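Heads up: the structure comes next, in structure tokens.
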Amino acid sequence: MDMEDISSKLFKAYKNGLIVLYQEKYRDIQGIAPAIQTSKVLGYVEDKIVFEKNTQIDLANIQWCELQ
């Protein structure tokens with residue numbers, strides 16, 4: 001997904017209090033992608049997205065998201 005689509009969906013989720021599914025870009029030592037996470041977007045801090053449980057992820061590190 002391109003950064004514009006990701007950013008747009010995350011902002012829509014934040015604005016409307018929706019739940020979003022997202023996946024980060026990294027892979028573990030065995031090459032396995034991280035699990036898809038489910039959360040609300042609580043806000044933004046500079047280039048980071050703040051999800052529930054105070055999880056902050058750089059926007060550039062999100063490879064995919066979808067509104068639930």
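For clarity, every value in this text was computed on a predicted model and none was experimentally measured.
For the side chain to side chain donor-acceptor pair (under 3.5 Å) test, residues two or more places apart in sequence or in another chain that qualify with Q63 are Q23. Shown here are the salt bridge (Lys or Arg N to Asp or Glu O under 4.0 Å) partners of E52, two or more places apart in sequence or in another chain: there are none. Residues passing the ring-ring contact (aromatic ring centres under 6.0 Å, His included) test with F11: none are found, sequence neighbours excluded.
Within a 6.0 Å radius of NZ in K12, other residues, nucleotides and ligands contribute 12 heavy atoms or fewer.
Linking ILVMFWY side-chain heavy atoms closer than 4.5 Å, directly or via other members, places I49 and I19 in two distinct hydrophobic clusters. Connection of I32 to I36 is not established within any shared hydrophobic cluster, with ILVMFWY side chains joined at heavy-atom distances below 4.5 Å, either directly or through further cluster members. Under a hydrophobic clustering in which Ile, Leu, Val, Met, Phe, Trp and Tyr are joined whenever their side-chain heavy atoms come within less than 4.5 Å, directly or via other members, Y22 and V45 fall into different clusters.
Between Y14 and L42, the closest heavy-atom pair is CE1-O, 3.2 Å. Taking all atoms of both residues into account, the shortest heavy-atom contact from Q68 to T38 is OE1-CG2, 3.6 Å.
Within the 4.5 Å cutoff, the side chain of L21 has no heavy atoms near those of the C65 side chain. Side-chain contact check for L59 versus M3: some heavy-atom pair is nearer than 4.5 Å. Looking only at side-chain heavy atoms (C-beta outward), Y26 and N61 stay at 4.5 Å or farther from each other.
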Quiz prompt | Derivation of the side chain to side chain contact (heavy atoms under 4.5 Å, CB included) call for F51 and I57 | solution = CA-CA 8 Å; F51 294 100; I57 301 172; 3.9 Å; yes
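Remark: of the listed residues L18, V41, L67, V41 is the sole one forming a side chain to side chain contact (heavy atoms under 4.5 Å, CB included) with L10.
No donor-acceptor distance shorter than 3.5 angstrom exists from the side chain of D58 to the backbone of A60, with no hydrogens or angles considered.
To the nearest 0.5 angstrom, K9 atom NZ is 3.5 Å from M1 atom CE. S7 OG to I62 CD1: the interatomic distance, rounded to the nearest 0.5 Å, is 9.5 Å.
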